[in-house]
Structures are given as C-alpha cells and as structure tokens.
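Just so you know, these numbers come straight off a predicted model, no measurement behind them. Residue numbers start from 1 in every chain, and the chains themselves are labelled A, B, ... in the order their sequence lines are given, proteins ahead of strands.
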2 protein chains.
Amino acid sequence: MAGRRDRRGDRREEILLAALEVFAERGYTGASIASIAERVGLTQQGVLHYFPSKDRLLAEVLMLRDQRNLDVIMLPGNEGAVTLDTVAALVEYNAQRRGIVQSFTVLSAESVIEDHPAKDFFQERYGSARAWMAEVVRAEIGDELPGGVTPEQAAPLIFAVMDGLQLQWLLAPDEIDMPALFRAFVSLLKAGVAAS
Amino acid sequence: MAGRRDRRGDRREEILLAALEVFAERGYTGASIASIAERVGLTQQGVLHYFPSKDRLLAEVLMLRDQRNLDVIMLPGNEGAVTLDTVAALVEYNAQRRGIVQSFTVLSAESVIEDHPAKDFFQERYGSARAWMAEVVRAEIGDELPGGVTPEQAAPLIFAVMDGLQLQWLLAPDEIDMPALFRAFVSLLKAGVAAS
DNA sequence: GTCTATAAAAAGATAGAC
DNA sequence: GTCTATCTTTTTATAGAC
C-alpha cells in the first residue's frame, strides 16, 4: 500500500517533483509553467488542469518539501528524541541532495520580496522551527551555553548557519564541507559543557 | 569636490540606486528595466542608453553595493585593524538598511541558479571574503577556538550566520534582533579565550 | 540624452474541442 | 484528462527621430 496511489495522485506528484526541479533551477519568478509541463510530457494547460495557478503549484511544492525534511528528521528511530546530532544528520543528508537544497535556498530568499506567494509559508516555518529548536538545545545542553548564550538565541543561529552554509556550498561545493562545518558549529555550542 | 560629479555620472548613479531598490523588491528576474526607469523619470530606453543590457546594469549595481560595504568596514578609523567588533558594527549598520540587506539576500540566493549573471561575482566575493575573515579571526583569537574549531572553519561560519540571520530578520524583523544574535555568536567564538 | 515606434518572444490564464 | 486556439500583458532590445 505504501508508496502506491491511483493514477491521479501519481500524475500530481510527478508534476510537483518536476516543479521542484524547475524552481530550483530558475527560481519561482523565472520558472514557467510550460517548462515544468515539458518535463512530464504535458502542455502548459495540462499542468493547469491539476493546479489552477502557478501560486497554488508553488504552495503544494513547498508542503511536499517540508514533509520530506520531517521524514528525515524523524527517520532514524528518534521518536521524540531529536538531538543536535539528528540535525547534523539532516545536514549530511542535504549535502547529497543539491536540487532540494537549491530549491529551498532560492525560494526562501525570494520569499522576502513583497507579496511573494511563499512569504507566509516561510514566516510560519521559521517561527515554529525556532521554538522547537530552542527546546532541543535546552534539553541537550541546558539553559546556559558558552559565552552566556541562551537556547532562544542558539535556535535562530542554528538555522542561520544551516541556511548560510547552504548558500556558500551551492556557490563553491569543492571549498565548503557543509557537514563538517556544521559539526564545528555544534562543537562551539557544546564547548562549555565539557569544561564545566 | 567629494560627492560631486558631472551630470552624466549623477544620472548613472541615480539609475543604479533605483535598480538596487527594484532588485531588492522583486529580485533580478522579476525586475523590469521599465520599472527602474519609472523611478528616475525615464523610459526603458532612457535607461538602456546608460547601461547596454539588464545584465550589465546588475553587474554595476553589485559593484556599487560592495563598495558601500567596504566603506563601512573601513570607516571607523580601523585602518588595517579590522576586528570582530568591526564586523558586528557592520551588522548593526545593516539592521538599519533593510533595502540593502534585502537586495543582497535576494540576489545572492538567486545567483546560484544556472547561468545567472551574478554567479561569478558572488563566487569570487565569498572566496576572498572567507580568506580575509580567517585572518581576522586568527589575529584576534588565535589558531585555536573553542571546541577545536579553526579560523578557516570560523570564517565561513561567520558569513553563514550573517546571511542566515538576514533572511530570518527580513521575514520577521520584530522577532529577530540581528545585531544581538550576531554578538551572541561572536561570544561563542571567544568563549574559550576568557576561560583559558 | 531622451524620446517614439516597433519588433519578437514569452508569460499566465481562459474557453472549449475531443 | 489533455489538447488547440486564443487573449492579454509584459518582457528585452533595436532603429531611428529630435
């Protein structure tokens, strides 16, 4: 049963995957429905049969991508017990999925422009992700991090490092060892623990 | 003499500033030459008289913005003696220049797509910036940072934090205290220094 | 230096045939 | 479910008048 759907669902998912690719390659603004359609052997109107507008297509692509990430975070049997090692594992996974990373980097940055259809999505996503990450940090390291940093400060920093490293890695994959650099950052967060 | 140029130079700079605004608001792909022209009271063709193509216009905008940043870094009389406090001051400055930050965030992320006209610019910019920043860290903190982190690792992390915080700040200015969070990160880098 | 005119291409979306 | 046809707008860029 798992992974199997009726033809209608397959077609939709096929289009969503193609859209993710094209958005990654050209951004949302630069992507055309026709170019997405071409990848799945349809015309522009064929795609518009499944998704009424480009905006709606983007919305569903973002939900798909988010679900994938949650799958990875929860996959290693860490039911409810996410640690910074789990997050590091996600970074490691991302380093092997350039397309996914690129789509996220391009779309999230693009979303800051006025009236962008993905703005609400990313605002909510980062807001809840920070709250969640602060608790992960607190549970693992405690209320006091090196240099007087709090878990509430560490949370946005963790996502900043992830996003910022992704950008540099996309521009220079051979120079940037994304997983190693993220682990280096984690060791900064934990440096005081061993000493105290 | 300073700040004064002939009419031709003024016109060009006027266009460049308008272009920076529009690129920030819509990204490069989403910006039209006509919308830039409108802001300076010209037609599309009037702008194309000064810049032969949209690509060239972008190239000059990026150089302008980079120069501004260098001005700020060098401004406080720190001739040759840049420290992490100087970098923190730049972050503080950026927190009052939303348009500049937004243009940089949108354009740098957009530049990772294939054949983007700003790709070379950002590749070179990050490459040299990392090398420079590694020396700043080494001069200020030394070869060993907390958690066994090296200056060569700290450098990309510093830019990752700057860029990543900018994205979160653009999406939620009221939730993200960019300067405070950057200083928190700097205190992570320096945490081992005071203790040793 | 700035304009009008114009080309030539591509975009999102709708209507309707099959 | 997918197509052709079509509309309407917008895009970059060129040619040439003034």
Compare side-chain N and O positions of T43(A) against OP1 and OP2 of dT2(D) and report whether any pair is under 4.0 Å apart.
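Answer no for this pair, as no side-chain N or O of T43(A) is under 4.0 Å from OP1 or OP2.
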Are S32(A) and dA10(C) close enough that a side-chain N or O sits under 4.0 Å from OP1 or OP2?
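So the side-chain polar atoms of S32(A) never come under 4.0 Å of the phosphate oxygens OP1 or OP2 of dA10(C).
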I want to know whether F122(A) and H116(A) have ring centres closer than 6.0 Å.
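No.
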Over 60° means perpendicular and under 30° means parallel, so tell me whether Y126(A) and F104(A) are parallel, tilted or perpendicular.
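Judged by the thresholds at 30° and 60°, the geometry between Y126(A) and F104(A) is tilted.
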Rounding to an integer number of Å, can you tell me how far [X] [atom1] sits from [N] [atom2]?
{"X": "I36(B)", "N": "dT11(D)", "atom1": "CD1", "atom2": "C1'", "value": "13 Å"}
{"X": "Q44(B)", "N": "dA13(D)", "atom1": "CD", "atom2": "P", "value": "8 Å"}
{"X": "L58(B)", "N": "dT12(D)", "atom1": "CG", "atom2": "P", "value": "12 Å"}
{"X": "Y50(B)", "N": "dC3(C)", "atom1": "OH", "atom2": "P", "value": "9 Å"}
{"X": "E38(A)", "N": "dA11(C)", "atom1": "CD", "atom2": "P", "value": "10 Å"}
{"X": "I33(A)", "N": "dT14(C)", "atom1": "CD1", "atom2": "P", "value": "10 Å"}
{"X": "Y28(A)", "N": "dG12(C)", "atom1": "OH", "atom2": "P", "value": "8 Å"}
{"X": "F51(B)", "N": "dT14(D)", "atom1": "CZ", "atom2": "P", "value": "16 Å"}

Assess whether a salt bridge exists between E92(A) and R183(A), defined as any Lys/Arg side-chain N lying under 4.0 Å from an Asp/Glu carboxylate O.
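Salt bridge present between E92(A) and R183(A).
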For atom CD of E38(B), is the number of surrounding heavy atoms from other residues, nucleotides or ligands below 6.0 Å larger than 12?
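Atom CD in E38(B) is not crowded, with 12 or fewer foreign heavy atoms closer than 6.0 Å.
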By the 4.0 Å heavy-atom rule, please label L48(A) as base, sugar-phosphate, or nothing.
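Base, at least one base heavy atom under 4.0 Å.
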Across the strands shown, which category fits A37(B) at heavy-atom distances under 4.0 angstrom: base, sugar-phosphate, nothing?
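It contacts nothing in the nucleic acid.
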Comparing L42(A) and Q45(B) on DNA chain D - which has the more 5′ nearest nucleotide
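Whichever sits nearer the 5' end wins; that is L42(A).
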Got a second to check how far L165(A)'s CG is from Q168(A)'s CD, nearest 0.5 Å?
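That separation rounds to 6.5 Å.
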Hey, which sits more toward the 5' end of DNA chain C by its nearest nucleotide, P52(A) or R26(A)?
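Its nearest nucleotide being more 5', the pick is R26(A).
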